[in-house]
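What follows is a short report on a single structure.
One is the number of the first residue; the rest follow in order along the sequence. All heavy atoms count here, side chains included; hydrogens, waters and symmetry mates do not. Atoms within each ligand, like the ligands themselves, are counted from 1 in listed order.
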Amino acid sequence: MIVPIESRRYLAKTISEVQASIYARKTVKIRGWVAKKRALKGKIFLLIRDSTGVIQTVTASDDKAWPEATQITTESSCMIKGKIVRDPRAPGGYELKVSKIEIIGLAETWPIARDTSPDFLRGIRHLSLRRQREQAIMKIRSGVIGGFHEYFRTKGYFEHQSPSFTPTPGESGAETFEVKYFGKKAYLTQTWQLYAEMMIPVLEKIYTVAPSFRSDKSMTSRHLTEFWHAEVETAWQEFPELLDTMEGVVRFICKKIAREYRSELALLGKDWKYFATLPKFPRITYREAIIELREAGFKTKFGDDLGTKEERFLVDKRKLPLFITHYPTKLKAFYMKRDPDDPEQVLASDLMIPGIGELIGSSERSLDFKDVKKRLKLAKEDPKKYEFYFDLSRYGKVPHSGFGMGIERLVMWLTGSDSVKDCIAFPRTPTRFAP
Ligand code: 4AD
Ligand code: MG
């Protein structure tokens, strides 16, 4: 194969390749960025980072590369040639004895030095993302989304995309973003669900991973105005199997991360074994949850919504994901199916995760569009805008169910992050939409 001269210059091994012992004592070329520069007793140590890892390089004052080693700055991009030597003290177990440094992009003075407060770092997120911790979180995020696709594709699901501009809010109760749409009012989607349901007679088993928008002003550690929503809708699937589907995918993703992102988990101080060996997720009803809360001294009454404090109490003491099922109908969205044994509750479940609270909202869907209309009116929605949705029950309805999971919340749990804002590259919140 003929390699163009221009690209030949940049051919190099990745740092993780170099750290595989087969390159020991060989001369290799790597490329990346200077994560840290240190001078000590006539030597310059550069910690070089690429997307696969970090390696320490060492240049002595009598080496040919000394002038470049002196000139290079933190976060400069470079190509470095050198010999790989084993050094158990170095990160990754190997060190590169430098013979040549080519500076590709000499960096100006790196602004992240002393001030590492979360607010400062978020203000320069485009730069702070380069830090090791942030890099590890972004890798795990990619693994989580990859795992979601993998799980449903291997189970015969199709990927379906719903529009982002919608004529109705979609998820009553949640705050909407209204947008001008050529003289009319449209909304940014809060969920793919209503359109997904209309795809049930077409594809039967579908999923998506896409952004959803909520103009929620609450500045909590678990809310974004734009979050990534992993949603699934399954024809002929009733409530008990829905719970198994949700448990199945969450367990699959946890195991995948435990297996494939072990060094990232270690860097973040998380124990991969916990995620690899999760026992069956406990399941309790809303009614049982209220009893448990009251016994613990909470004032929550039957019919009250569960807030973060209540959710966290129930899930944190179990140290495991927890399903809460059969919520009161009046607390939940218009599209949820009433329990035939008790119409005052719905066949719905939220999955809670430790330290965070709600990860997933789910339900079997109502096929009684007269009742759905009534509930839309109660939610102060105009049923006329939903005629297209009612056609689903008019023309060949089948039982179906589905759920929506917040990607950032799952990443927050897996990585032990303090906030969902740290679990997406460029978070959108009521006070920040730049960089
Ligand atoms: O519980 P929600 O509102 O459910 C729905 O939107 C359903 N239509 C989903 C479905 O059945 N297809 O949202 C689902 C999940 C929540 O459990 C939460 O993890 C996440 O989406 N979520 C948010 N994540 C970050 N920031 C926000 N503002 C979020 N709002 C919801
Ligand atoms: Mg919910």
(request) Using a strict 4.0 Å cut-off to heavy atoms of Arg222, name the atoms of ligand 1 that fall inside it. (result) 25 (C), 26 (N)
(message) With a 4.0 Å cut-off on N to O distance, would you call Arg283 and Glu288 a salt bridge?
(response) no
(message) Please work out, at 4.0 Å between heavy atoms, whether the side chain, the backbone, both, or neither of Glu358 comes within that distance of ligand 1.
(response) both
(request) Check the Mg ion (ligand 2) and write out every protein N, O or S atom at under 2.8 Å, as residue and atom. (result) Glu358 OE2
(message) Please work out, at 4.0 Å between heavy atoms, whether the side chain, the backbone, both, or neither of Arg214 comes within that distance of ligand 1.
(response) side chain
(message) Just to be sure I read this right, does ligand 1 sit under 4.0 Å from the backbone of Phe403, its side chain, both, or neither, counting only heavy atoms?
(response) backbone
(request) Among Val58, Ile15, Val28, find the one that has a side-chain contact (heavy atoms from CB on, under 4.5 Å) with Leu96. (result) Val28
(message) If we count only N and O atoms by modelled type, under 3.5 Å, do the side chains of Trp192 and Glu233 hold a donor and an acceptor together?
(response) no
(message) Salt bridge check, Asp382 against Lys185: does any charged N sit closer than 4.0 Å to a carboxylate O?
(response) no
(message) Less than 6.0 angstrom from the centroid, inside 45 degrees of the normal: does Arg38 satisfy that with respect to the ring of Phe45?
(response) yes
Give the table of side-chain donor-acceptor pairs shorter than 3.5 Å for residues 390-405, with sequence neighbours excluded, one pair per line with atom names and distance.
| unit_1 | atom_1 | unit_2 | atom_2 | d |
| --- | --- | --- | --- | --- |
| Asp391 | OD1 | Arg394 | NH1 | 2.8 |
| Arg394 | NH1 | Glu387 | OE1 | 3.1 |
| Arg394 | NH2 | Glu387 | OE1 | 2.8 |
| Lys397 | NZ | Leu367 | O | 3.3 |
| His400 | ND1 | Val398 | O | 2.9 |
| His400 | NE2 | Glu197 | OE1 | 2.7 |
| Ser401 | OG | Gln237 | O | 2.9 |
| Ser401 | OG | Gln237 | NE2 | 2.8 |

(request) Before accepting this row, confirm whether a basic side-chain N of the pair Arg338/Asp368 lies closer than 4.0 Å to the acidic partner's carboxylate O. (result) no
(message) Using 30° and 60° as the class boundaries, would you call the ring planes of Tyr386 and Phe388 parallel, tilted or perpendicular?
(response) parallel
(message) I need the contact type for Leu359 against ligand 1. Using non-hydrogen atoms and a strict under-4.0 Å cut-off, is it side chain, backbone, both or neither?
(response) backbone
